[in-house]
Amino acid sequence: MKMLWTVWLSITSAVAFEYHLEPVSVDRGIYCFFGKPEVMNSVNNGNMVNSCYVDTGHRWLVIDSGPTYAYAKEAAEIMQRIKAQKTGPVIDTHVHDDHWLGNGYFAARGAEVIGPRLFKKAVSLTEKTRMQQRISPEAYEGTEIALPTRYVDTNETLRIDGEDIRIIRLTRRAHTAEDLLVYFPSRQTLFAGDLVFNDRIPSLRDGDLHGWIAALEMIRAMPLKHIIGGHGKSTGKDALQMTYVYLTQLCDRVRDAIDDGIGIAEATKTIRLDAFRSVALYDAMHAQNVEVAYRMLEWDDE
């Protein structure tokens, strides 16, 4: 009896944690669960990222499945109450685990998962994920690594329920070494993943300053009504502006420091972008971004 009770607890605990998610209607047939402007911790349990669902007519297409099995399950069940229909494919915009650890919920139900090939070499199947190390065991319960079932090596167009959905694969390192954009031309809507932050300071640690700025300039030139980022609730055509201004100012200030012979230690301590000091995670992220940018830019003239 004790063994049966233990098994029952292990099964039910996988679905017991609740995030109390609330979908936001961005436009007709487009819903997003917007995360908090925080880093992952045992209080938000990974609910600091955006996960979105698009009604293509007869199915929900998912952009970024979220941070855990429990999160994906809760979000998917909410969407089924809005409209009962098949879910999938799921598109992972990049390899940072807050965006895709919900894949297992959908993969177990036969959904195709599409993502960049970088998953193959960047994701360890044996080590603990960042999410697992930082959130509560109750929230992480049931979460397993489920890699994409199909990799994107070049730009491609999906035709789903009569609608074209373009997957744009960036060929240059931007936020990560391989970022995907998901573009709905008929809706003038772009899902930009973590190329766009608009309520917290972005992290440059895996990116390239020049490539990221170039990607944002490409997006700015597109005919868009909505730009939906990986973090932040702004979804208008100017939703990328905060990230763009932050990165361009960071680039200019760090380059000036290098030209003036200021060393990396001093630059990290003294370069401040006062316009962004009130933005969430400035104190946690900015000095690190200065250091990463300095190491990139000091080789520009070599």
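Rounded to the nearest 0.5 Å, atoms CG (L224) and CG (L190) are 5.5 Å apart. In this structure, the separation between CD1 on I228 and CG on L181 is 12.5 Å, given to the nearest 0.5 Å. Between the CG atom of L101 and the CE atom of M131 there is a distance of 6.0 Å, given to the nearest 0.5 Å. Between the CG atom in L250 and the OH atom in Y294 there is a gap of 13.0 Å [rounded to 0.5 Å]. From I227, atom CD1 reaches atom NZ of K237 across 9.5 Å, with rounding to the nearest 0.5 Å. Distance CZ/R200 to CE/M48: 5.5 Å, rounded to 0.5 Å.
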Practice problem: Evaluate the criterion side chain to side chain contact (heavy atoms under 4.5 Å, CB included) for residue pair I91 and L158; output intermediate values, then yes/no. | Solution: CA-CA 11 Å; I91 303 176; L158 306 178; 4.2 Å; yes
Quiz item: Under the side chain to side chain contact (heavy atoms under 4.5 Å, CB included) criterion, do N50 and C32 qualify, and how do the steps go?
Solution: CA-CA 7 Å; N50 297 344; C32 290; 5.6 Å; no
Exercise. Show the numbers, then the answer: is there a side chain to side chain contact (heavy atoms under 4.5 Å, CB included) between Y105 and T87?
Key: CA-CA 11 Å; Y105 174 81; T87 300; over 6 Å; no
Quiz prompt | Working for salt bridge (Lys or Arg N to Asp or Glu O under 4.0 Å), residues D27 and R187 | solution = CA-CA 9 Å; D27 203 342; R187 305 175 195 237; over 6 Å; no
Practice problem: Decide side chain to side chain contact (heavy atoms under 4.5 Å, CB included) for Q241 and R220; before the verdict, give the C-alpha distance in whole Å, the side-chain angles of both, and the deciding distance to 0.1 Å. | Solution: CA-CA 9 Å; Q241 191 66 10; R220 291 177 79 178; 3.9 Å; yes
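Residues L61 and P89 are in side-chain contact: their nearest non-hydrogen atoms beyond the backbone lie under 4.5 Å apart. I213 has its side chain within reach of Y244: a pair of non-hydrogen atoms, C-beta onward, lies under 4.5 Å apart. Contact annotation: the side chain of W60 approaches that of Q85 to within less than 4.5 Å [non-hydrogen atoms, C-beta and beyond]. Counting heavy atoms from C-beta on, the side chains of H210 and R172 come closer than 4.5 Å. The closest side-chain heavy-atom distance from V113 to W100 is not below 4.5 Å. Side-chain contact between L204 and M296: present, with at least one pair of heavy atoms (C-beta onward) separated by less than 4.5 Å. Proximity of M79 to F33: side-chain heavy atoms (C-beta onward) are separated by under 4.5 Å at one or more points. Taking the side chain as every heavy atom from C-beta outward, L180 and D92 never approach each other to under 4.5 Å.
Pairing each heavy atom of N44 with each of Y19, the nearest pair is O-CE2, 3.7 Å. Nearest heavy-atom pair, N289 versus P202, reported as atom, atom and distance to 0.1 Å: ND2-O, 2.8 Å. Of all non-hydrogen atoms in P67 and V49, the two that sit nearest each other are CD-CG1, 4.0 Å. Listed here is the closest heavy atom pair of I219 and A192: CD1-CB, 4.4 Å. Here the closest heavy-atom approach between residue V196 and residue A239 is recorded as CG1-O, 3.5 Å. Taking all atoms of both residues into account, the shortest heavy-atom contact from A76 to F106 is CB-CE2, 3.9 Å.
The aromatic rings of F197 and H231 sit parallel to each other, their planes meeting at less than 30°, with 60° as the upper class boundary.
In summary, E77 and K73 engage in a salt bridge, as defined by a charged side-chain N under 4.0 Å from a carboxylate O. We find that E178 and R117 are not joined by a salt bridge, their nearest charged nitrogen and carboxylate oxygen being 4.0 Å or further apart. Contact check on R130 versus D98 returns a salt bridge, with a Lys/Arg side-chain nitrogen under 4.0 Å from an Asp/Glu carboxylate oxygen.
The six-membered or imidazole ring of F184 lies near that of F191, with a centre-to-centre distance under 6.0 Å. Not less than 6.0 angstrom separates the ring centroid of F276 from the ring centroid of Y282.
Counting non-hydrogen atoms of other residues, nucleotides and ligands closer than 6.0 Å to CD of Q133 gives a total above 12. Residue K225 places its NZ atom among 12 or fewer non-hydrogen atoms of other residues, nucleotides or ligands, all under 6.0 Å distant. Atom CD of E156 has more than 12 neighbouring heavy atoms from other residues, nucleotides or ligands inside a 6.0 Å radius.
Residues E138 and N45 bring no donor and acceptor atom of their side chains to less than 3.5 Å of each other. Remark: the H96 side chain and the D206 side chain contain an N/O donor-acceptor pair separated by less than 3.5 Å. With 3.5 Å as the limit, one finds a donor-acceptor pair spanning the side chains of D64 and T93. A donor-acceptor pair shorter than 3.5 Å cannot be found between the side chains of Q132 and T143.
In this structure a side-chain-to-backbone donor-acceptor pair under 3.5 Å is present from H226 to T235.
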